[in-house]
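Below is one structure; the comments refer to it alone.
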Amino acid sequence: MTTALISVSDKTGIVEFATELQQLGVKLLSTGGTAQLLAKAGLPVTEVADMTGFPEMLDGRVKTLHPRVHGGLLARRDVPAHMAALHEHGIDTIDLLVVNLYPFEATVAKAGCTLGDAIENIDIGGPAMVRSAAKNWKDVAVLTDASQYAGVVAELKAGGITRATKFALSVAAFNRISNYDAAISDYLSAIALPASDEEVPARHEFAAQSNGRFVKLQDLRYGENPHQNAAFYRDLYPAPGSLVTAAQLQGKELSYNNIADADAAWECVKSFDAATDGAACVIIKHANPCGVAVGASALEAYTKAFKTDPTSAFGGIIAFNTTVDEAAAQAVAKQFVEVLIAPDYTEGALQVFAAKANTRVLRIPLEGVKHSASDAWSRGLNSHDVKRVGSGLLIQSADNRVVSAAELKVVTRVQPTPQQLTDLLFAWKVAKFVKSNAIVFCTGGMTMGVGAGQMSRIDSARIASIKAANAGLTLQGSAVASDAFFPFRDGLDVVCEAGATCVIQPGGSVRDDEVIAAANERGIAMVLTGVRHFRH
C-alpha cells in the first residue's frame with residue numbers, strides 16, 4: 001500500500017488515522033478542509049488539485065471528478081492493459097480511500113432545513129469515488145466510517161489488509177451509498193416544491209416512493225412454520241427502547257414466533273408508565289395479551305396478570321415495565337416461560353433464571369424513552385406500520401393514539417365512578433393490543449377475561465366470559481372495553497349478563513342509540529372514546 005486519498009466531512013479520528021498511515025509509509029492525498037486539517041497537524045499531504053493539475057471549482061462541487069482520481073481507483077492491478085494505460089497517462093494508483101459523505105441526513109433532520117440547504121448537502125464526488133473503490137475492492141480498501149480506522153491500522157501493521165476485510169469494507173461502502181441515496185430519495189419524494197429554495201418545504205406523510213432501510217441482525221432457524229425460512233432485521237435508525245435494541249442475557253436463540261410475540265408484549269407493557277401507572281406485567285400468547293395487570297411491585301403485577309388465564313400463560317412471553325427483582329423472578333420461574341423481557345434485573349433475579357437455561361431473558365433499557373413526548377420516535381414507538389400484500393405494501397401511521405379521561409363522553413344516565421373510569425381506561429389501553437374483534441374485562445388494574453380475534457364481536461364477548469370462568473374469576477362489577485363499536489345490542493347484553501357495570505367503546509354505529517338505550521335499560525355506565533383500535 002503506497003497511497004491513500006482522504007476526503008471526509010466528519011473529521012472524527014482522521015488526524016490520528018492519517019498519522020498512523022504516514023508512519024507506515026503511506027503517501028497522503030486529500031481535498032479542501034481535510035487537507036488543511038492534516039497539514040495543520042504537521043502531516044505531509046498532497047492536495048488532489050495539485051495531483052490532478054486542475055483546481056477545485058464551482059464552490060467545491062468539482063474536485064475529485066477527474067481521471068487521475070478515478071483511474072487510480074479503478075485500474076485493476078492484475079490487468080496489464082490497465083496498468084499500461086495508467087503509465088501512459090502518468091496516473092498513480094490509489095490503494096486506500098477514506099471518504100464519509102456530506103451530512104445530508106443530519107441536515108434534512110433539522111427543523112429549519114430549506115430546500116437549498118438540502119440540495120447543497122447532496123454529495124456527488126464522494127459517492128462516485130466510493131463506488132469506484134468499492135467496485136475495485138481487490139486492489140483498493142475503502143473506508144466510509146471512523147469505526148473502521150482501528151481495524152485497518154491493525155491489519156496494516158500485521159502485514160496488510162486481508163482480502164476478506166477488503167470485501168467487507170466494499171460491502172459496507174455500497175450499503176452506505178445505498179442508504180445515502182435512499183435518504184435523498186425519501187426526502188425529495190416527500191416534499192412539496194416551495195416557491196423558493198430558501199423556504200422550508202412542506203412534507204407529505206407518505207412519500208411518492210418508499211425506500212426501506214434495514215440491517216440484518218440474525219438468521220433464524222425457520223419462520224412461522226418449519227418449512228419457511230426467516231431472518232430478523234432492524235431499522236437503520238431504531239427508536240430507543242424498541243425490541244431490536246434488546247440484549248439477550250441468556251437462553252436459546254430467539255425464533256420467528258418468539259420475536260413476533262415478544263414485540264407484542266413489549267409494545268403493550270411500554271404503554272404503561274412505571275412512574276404514574278405503577279409496575280406493569282403483560283403475558284402474551286400467540287400475539288394476544290392473555291393477562292395484563294399493574295401493581296405496587298413487579299411481583300404483584302405478575303401475580304395478578306397470571307390469574308387472568310393461567311392455562312394460556314403456559315409457554316407465554318412475559319414483559320415488565322420495571323426492574324424484575326428476585327421475588328418476581330421466583331414467581332415467574334415456577335412457570336414455563338419462553339421469553340422474559342424487562343428494562344433491567346437484579347442480580348438475584350438473574351441467578352434465579354440461570355437455573356432455567358432455556359428461558360430467553362432480554363434486557364431493553366428504557367432510558368431516553370419519554371411517555372409524554374409528542375413524536376413517536378422518542379416514545380420508543382414506530383411512526384408507521386407496514387404490512388406486506390401481494391407485490392405491494394400497505395403503510396399507515398402507527399396506532400399511537402392515547403385517550404385521556406377528559407376526552408371520554410358519557411352517554412348513559414348512570415355516570416361512571418372515579419374507580420370505574422380508572423378501570424375503563426386500563427381496559428381501553430389493553431384492548432388496543434388485542435387482535436380484533438377484541439373484548440376485554442378488567443377490575444382493579446388487572447384483566448379478568450380477554451376475547452380476541454373472533455369474526456363476531458359477540459363471540460369475543462362470550463369467549464372472554466368463558467376464560468374468566470375457567471380461571472375462577474368473577475366478572476361482577478367489572479369494566480369492559482370493546483376495540484370497535486357494538487354493531488347490535490346483543491354484544492352489550494352478553495357483557496352485562498356476565499357482570500359488567502361499565503363499558504368503554506368508540507361509538508359511531510348507526511345503532512348507537514339502540515346500544516345506549518340497552519345500557520340505560522341495564523343500568524350501567526357507558527363512555528365513548530371516538531377512537532377505534534382495530535388490530536388485524
Side-chain angles (χ1 to χ4, degrees), residues 264-284 288-309 313 318-322 371-372 399-410 415-436 438-452 460-461 464-465 467-468 471 473-484 495 498-506 524-533 535:
W266 187 240
E267 291 303 305
C268 183
V269 84
K270 276 197 307 182
S271 69
F272 295 93
D273 183 357
T276 57
D277 299 317
C281 176
V282 173
I283 305 175
I284 291 284
N288 276 301
C290 60
V292 181
V294 293
S297 65
L299 174 60
E300 182 184 352
Y302 168 74
T303 302
K304 292 165 68 176
F306 183 76
K307 285 180 180 178
T308 303
D309 190 351
I318 302 178
F320 292 87
N321 70 343
T322 190
H371 275 266
S372 60
D399 185 6
N400 296 328
R401 181 73 157 80
V402 176
V403 173
S404 67
E407 296 176 86
L408 301 180
K409 179 183 179 182
V410 181
Q415 299 286 312
T417 67
Q419 181 57 54
Q420 285 179 324
L421 278 176
T422 299
D423 286 342
L424 288 169
L425 287 171
F426 177 89
W428 184 247
K429 189 175 288 189
V430 175
K432 185 170 79 168
F433 297 95
V434 178
K435 298 288 186 180
S436 301
I439 294 290
V440 179
F441 287 84
C442 294
T443 301
M446 69 173 279
T447 49
M448 305 295 285
V450 179
S460 290
S465 301
K467 287 282 190 181
L473 300 175
T474 178
L475 297 180
Q476 293 302 316
S478 60
V480 168
S482 174
D483 66 334
V495 300
T501 56
C502 55
V503 171
I504 185 170
Q505 57 130 329
I524 70 165
M526 178 181 286
V527 300
L528 304 184
T529 64
V531 177
R532 188 180 74 186
H533 281 314
R535 187 177 181 88

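All values below come from the heavy atoms of this structure, side chains included, with hydrogens, waters and symmetry mates left out.
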Examine distances only and state if a side-chain atom of [X] and a backbone atom of [Y] form a donor-acceptor pair shorter than 3.5 Å.
X	Y	result
H371	K270	yes
N321	G278	yes
S436	R535	yes

Do [X] and [Y] have side chains that get closer than 4.5 Å, going by heavy atoms?
X	Y	value
P506	V531	no
V434	V440	yes
Q505	L528	yes
P289	V450	no
T308	V292	no

Measure across [X] and [Y] and return the closest heavy-atom pair with its distance rounded to 0.1 Å.
X	Y	result
A279	A298	CB-N, 3.8 Å
F433	E267	CZ-O, 3.5 Å
G451	A464	N-CB, 3.5 Å
A479	D423	CB-CB, 3.7 Å

Tell me, please, which residues at least two apart from [X] pass side-chain hydrogen bond (donor to acceptor under 3.5 Å, both in side chains).
X	value
K432	none
Q415	none
K435	none

Spacing of [atom1] belonging to [X] relative to [atom2] belonging to [Y], to within rounding of 0.5 Å:
X	Y	atom1	atom2	value
C281	M446	SG	CE	11.0 Å
T474	M448	OG1	CE	7.0 Å
I504	L408	CD1	CG	5.0 Å

Under the salt bridge (charged side-chain N to carboxylate O under 4.0 Å, His left out) rule, collect the residues that match up with D483, sequence neighbours excluded.
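Salt bridge (charged side-chain N to carboxylate O under 4.0 Å, His left out) list for D483, sorted by chain: R457.
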Any residue meeting ring-ring contact (aromatic ring centres under 6.0 Å, His included) with F272, in chain and number order, not counting sequence neighbours:
F426
With sequence neighbours excluded, what pairs up with S478 under the side-chain contact (heavy atoms from CB on, under 4.5 Å) test?
F441, T443, L475, A500
When you check the side-chain N and O atoms of S297 and E300, is any donor under 3.5 Å from an acceptor?
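Short answer, no.
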